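Here, residue 1 is the first one in the sequence, and each next residue gets the next number. Small disclaimer: the values here were computed from a predicted structure and weren't measured.
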Amino acid sequence: MGAYREENLSFSPDCNLSPSHDRRLSKHVRDNVHGNIYLDTLSLKFIDTEQFQRLRELKQLGLAHMVYPGAVHSRFEHSLGVYWLAGEAIQKLKTYQGLELGIDRFDVQTVKVAGLLHDVGHGPFSHLFEREFLPKVLNGFKWAHEEMSAKLIDHIVDEHQIDVEPEMIKRVKEMILASSEFALPKSAKEKQFLYDIVANGRNGIDVDKFDYIVRDSRACGIGCSFDFHRLMDTMRVLGDEICYRAKDYLSIHKLFATRADLFRTVYTHSKVKAVELMVVDALLKANSYLEISSSIQDPSEYWKLDDSIIKTIETAPDEELRESRDLILRIRRRNLYQFCNEYAVPKDKLDHFKNVTAQDIACSQKNGVLLKEDDIAVCNVRIDLTRGRQNPLESINFFKDYESNEKFSIPDDRISHLLPTSYQDMIVRVYSKKPELVAAVSEAFENFQLKIYGVKAQVHDTPEKKKRRI
C-alpha cells in the first residue's frame with residue numbers, strides 16, 4: 001500500500017487507535033496535509049486490495065491539472081485523509097461526551113471505515129463520469145458513485161474474505177449514502193449524529209469537505225483561510241445532532257464560501273471545462289466500441305475502470321477509435337474547444353431557468369456561417385453554498401456555550417450584514433468546437449441572450465482577437 005511500517009499488530013473487532021494506544025506500534029503513512037496517518041488493522045485489510053488501490057489512478061480533481069499542474073493528487077490520499085479526520089472527530093466526541101452518548105469502539109471503527117471507503121466507487125475524471133458522460137448514455141437511468149461504493153464494499157468483503165461484522169458493513173454503507181439521493185433508512189434509531197461525520201445529509205458539514213477543501217487548495221497553490229480544527233475542537237452533540245458554537249457561525253460560512261470559490265476558480269474554470277467537454281465527447285465516441293459504461297452495475301468489472309481509459313484510447317490503433325483519438329490529440333496539443341463567452345442568469349430568472357443547449361444557440365443564428373448543433377458546446381454551471389438557493393446556516397443548529405443544552409438556528413436577520421444574501425450562481429458558458437467558428441458562435445450566443453432576456457446578459461463582448469483565430 002505504499003510506504004508504511006511493517007510491525008505486526010493483532011486485531012480484534014473492538015480495536016481502535018485511541019490516544020491511549022501506542023501509535024509507535026502501528027503502521028502509518030506520511031500525508032502532506034495531516035502529517036502522520038495511523039492505520040488500524042481492519043482498515044489496512046481494505047486498503048491492501050486492488051479495488052482500493054485503484055483510487056491511486058483517479059485524480060481527485062479530474063482534469064484540473066491541465067490548468068493547475070499541481071492538481072495531480074488522487075482519491076487515494078483524499079480517502080486516507082477522510083479516514084483520519086473521521087477517526088479524530090469521533091474520538092473527540094467520545095472524549096468529551098462518550099459516556100453521555102454511549103460511543104463505543106464499534107462506533108469509532110464504523111465511522112473510520114466509512115471515511116476510508118466513502119469514495120471507493122468513484123468514477124474517472126472526478127464527477128465528469130457520472131454527471132456529464134453517463135447521463136448521455138443511460139437514457140434517464142440514475143447512477144451515483146456513492147451507490148457503487150456500497151456495492152464495491154460488499155464485493156471487497158466477499159472477494160478478500162475480510163472478517164468484519166455484517167452490522168458494521170451495513171452501517172458503513174448507510175453513512176456513505178447518507179447525503180445522496182440513494183440514502184438508506186438508518187438501521188439504528190439512536191446515535192443519529194454518527195451519520196453527520198462523513199457525509200452529512202442534514203447540513204453539509206462533514207470531514208469529507210474538511211479534507212478536500214484544504215487538500216485541493218494546497219495542490220492548486222490557492223490560499224485557504226478556513227480552519228476545520230476550530231470546528232472539530234468545539235463541536236458538540238445535542239438532541240442526537242452535531243451542533244456548533246454560535247460564535248463560530250462565520251467559520252462555518254467560510255467553509256461554504258471557500259468551497260464555492262474552489263468551484264468558481266478551479267473545478268469549473270473555463271479552460272478546465274473546455275477539456276472536460278472534449279473528454280466527454282471522446283468517451284461518447286468510444287463507448288460503443290470499448291463499452292466503457294457496461295460495467296457500472298457490476299463491481300467485479302467496474303473497479304478496473306480508471307483515468308487510464310484516456311491512454312487506452314490514445315494509444316489504440318483501432319479505426320473505430322479514430323475520432324476519439326483525434327480529440328485527445330487536440331487536448332495534448334492545446335487545440336481546445338474555444339471559450340466564446342458566458343453570462344450569469346439574472347437572479348429574478350433563476351426560478352424558471354432551463355438548461356441552455358447547443359440547439360438553442362444554433363437556432364439563434366441569423367445570417368452568415370451556417371452553424372450546426374455539433375459545432376457548439378454549452379456548459380451550464382451551478383455554483384452554490386451546498387443548499388441550492390437557501391442560506392446554508394439555516395439548516396445548522398448552534399449552541400450558546402457548554403453550560404447550555406439548548407440548540408437553535410440563526411435566522412438571516414441575525415447574521416453579519418457583510419455576508420451575501422444570494423446563495424447560488426447559474427452561469428451559462430458557450431464554446432466553439434472549431435476555432436474558425438468562434439465569431440459565428442459568439443454572435444449566435446448574443447442573439448440568444450437578446451431573445452431570452454431582451455438584453456445581452458454577458459459582461460463584455462467576445463474579444464476580437466479570439467474571433468479572428470483560425
Side-chain angles (χ1 to χ4, degrees), residues 45-47 49-60 62-63 74-76 78-79 82 113-162 164 166 168-187 198-199 201 208 276 279-313 316 318 320-321 324:
K45 291 180 180 180
F46 284 98
I47 291 170
T49 64
E50 58 271 31
Q51 290 81 13
F52 189 87
Q53 292 292 317
R54 160 186 176 268
L55 297 180
R56 293 182 185 271
E57 310 305 322
L58 297 179
K59 290 186 176 64
Q60 172 78 7
L63 297 156
S74 71
R75 293 273 161 194
F76 182 84
H78 167 63
S79 296
V82 177
V113 173
L116 180 72
L117 301 178
H118 78 286
D119 267 352
V120 74
H122 218 287
F125 313 116
S126 191
H127 293 278
L128 175 153
F129 183 77
E130 65 183 286
R131 295 180 183 174
E132 306 294 337
F133 169 67
L134 286 182
K136 291 180 170 64
V137 299
L138 294 184
N139 298 319
F141 178 79
K142 290 186 177 181
W143 185 94
H145 74 270
E146 295 94 344
E147 191 178 30
M148 177 51 76
S149 291
K151 292 180 179 179
L152 259 174
I153 289 169
D154 287 335
H155 175 70
I156 293 171
V157 170
D158 293 341
E159 177 78 9
H160 300 277
Q161 299 181 339
I162 296 176
V164 58
M168 180 178 290
I169 291 301
K170 181 180 180 182
R171 294 196 189 183
V172 163
K173 292 188 292 186
E174 290 171 0
M175 290 177 184
I176 290 172
L177 290 164
S179 64
S180 78
E181 62 180 303
F182 296 96
L184 298 171
K186 298 179 178 65
S187 55
V198 174
D208 180 25
E276 287 186 356
V279 168
V280 169
D281 283 351
L283 294 176
L284 289 172
K285 292 177 185 298
N287 188 51
S288 60
Y289 185 69
L290 294 180
E291 298 183 329
I292 300 167
S293 61
S294 63
S295 64
I296 61 170
Q297 298 300 323
D298 182 2
S300 66
E301 291 297 321
Y302 176 80
W303 74 268
K304 302 171 186 177
L305 179 64
D306 56 41
D307 290 355
S308 65
I309 186 66
I310 286 295
K311 181 60 70 174
T312 298
I313 295 171
D318 311 67
E320 292 86 349
L321 297 175
S324 295

Heavy-atom distance under 4.5 Å between the side chains of [X] and [Y], does that happen here?
{"X": "L283", "Y": "L290", "value": "no"}
{"X": "K151", "Y": "P299", "value": "yes"}
{"X": "S74", "Y": "L58", "value": "no"}
{"X": "F52", "Y": "W303", "value": "no"}
{"X": "Q53", "Y": "I47", "value": "yes"}
{"X": "Q297", "Y": "W143", "value": "yes"}

Considering non-hydrogen atoms only, spot the tightest contact between [X] and [Y] and give its length.
{"X": "I176", "Y": "A114", "answer": "CG1-O, 3.8 Å"}
{"X": "G115", "Y": "V82", "answer": "O-CG1, 3.5 Å"}
{"X": "S295", "Y": "I292", "answer": "OG-O, 4.1 Å"}
{"X": "V120", "Y": "Q51", "answer": "CG2-O, 4.1 Å"}

List the residues meeting salt bridge (Lys or Arg N to Asp or Glu O under 4.0 Å) with D307, not counting sequence neighbours, and say none if there are none.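 If we apply the salt bridge (Lys or Arg N to Asp or Glu O under 4.0 Å) test to D307, skipping adjacent residues, there are no hits.
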Residues two or more places apart in sequence or in another chain: which of them pass salt bridge (Lys or Arg N to Asp or Glu O under 4.0 Å) with K170?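 Result, salt bridge (Lys or Arg N to Asp or Glu O under 4.0 Å) vs K170: none returned.
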Out of curiosity, [X] [atom1] to [Y] [atom2], how far, rounded to the nearest 0.5 Å?
{"X": "D158", "Y": "I153", "atom1": "CG", "atom2": "CD1", "result": "12.0 Å"}
{"X": "S179", "Y": "E146", "atom1": "OG", "atom2": "CD", "result": "6.0 Å"}
{"X": "L117", "Y": "M175", "atom1": "CG", "atom2": "CE", "result": "12.0 Å"}
{"X": "I313", "Y": "S324", "atom1": "CD1", "atom2": "OG", "result": "5.0 Å"}
{"X": "K311", "Y": "D306", "atom1": "NZ", "atom2": "CG", "result": "13.0 Å"}
{"X": "S294", "Y": "E301", "atom1": "OG", "atom2": "CD", "result": "8.0 Å"}

Donor-acceptor pair, distance only, cut-off 3.5 Å: does the side chain of Y302 make one with the backbone of G121?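 A pair under 3.5 Å: yes.
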Please check if the side chain of T312 supplies one atom and the backbone of S308 the other of a donor-acceptor pair under 3.5 Å. yes
Identify, with sequence neighbours excluded, every residue that meets side-chain hydrogen bond (donor to acceptor under 3.5 Å, both in side chains) alongside [X].
{"X": "K173", "answer": "D154"}
{"X": "S293", "answer": "N287"}
{"X": "K59", "answer": "none"}

So H78 and D208, side-chain contact (heavy atoms from CB on, under 4.5 Å) or not? Walk me through it. CA-CA 8 Å; H78 167 63; D208 180 25; 2.8 Å; yes
Decide yes or no on side-chain contact (heavy atoms from CB on, under 4.5 Å) for H118 and S149, but give the supporting numbers first. CA-CA 7 Å; H118 78 286; S149 291; over 6 Å; no
Would you give me the side-chain donor-acceptor pairs under 3.5 Å for residues 125-140, sequence neighbours excluded?
residue, atom, partner, partner atom, Å
E130, OE1, H145, N, 3.4
E130, OE2, H145, ND1, 2.7
K136, NZ, E132, O, 3.4

Can M148 and H155 be said to form a side-chain contact (heavy atoms from CB on, under 4.5 Å), step by step? CA-CA 10 Å; M148 177 51 76; H155 175 70; over 6 Å; no
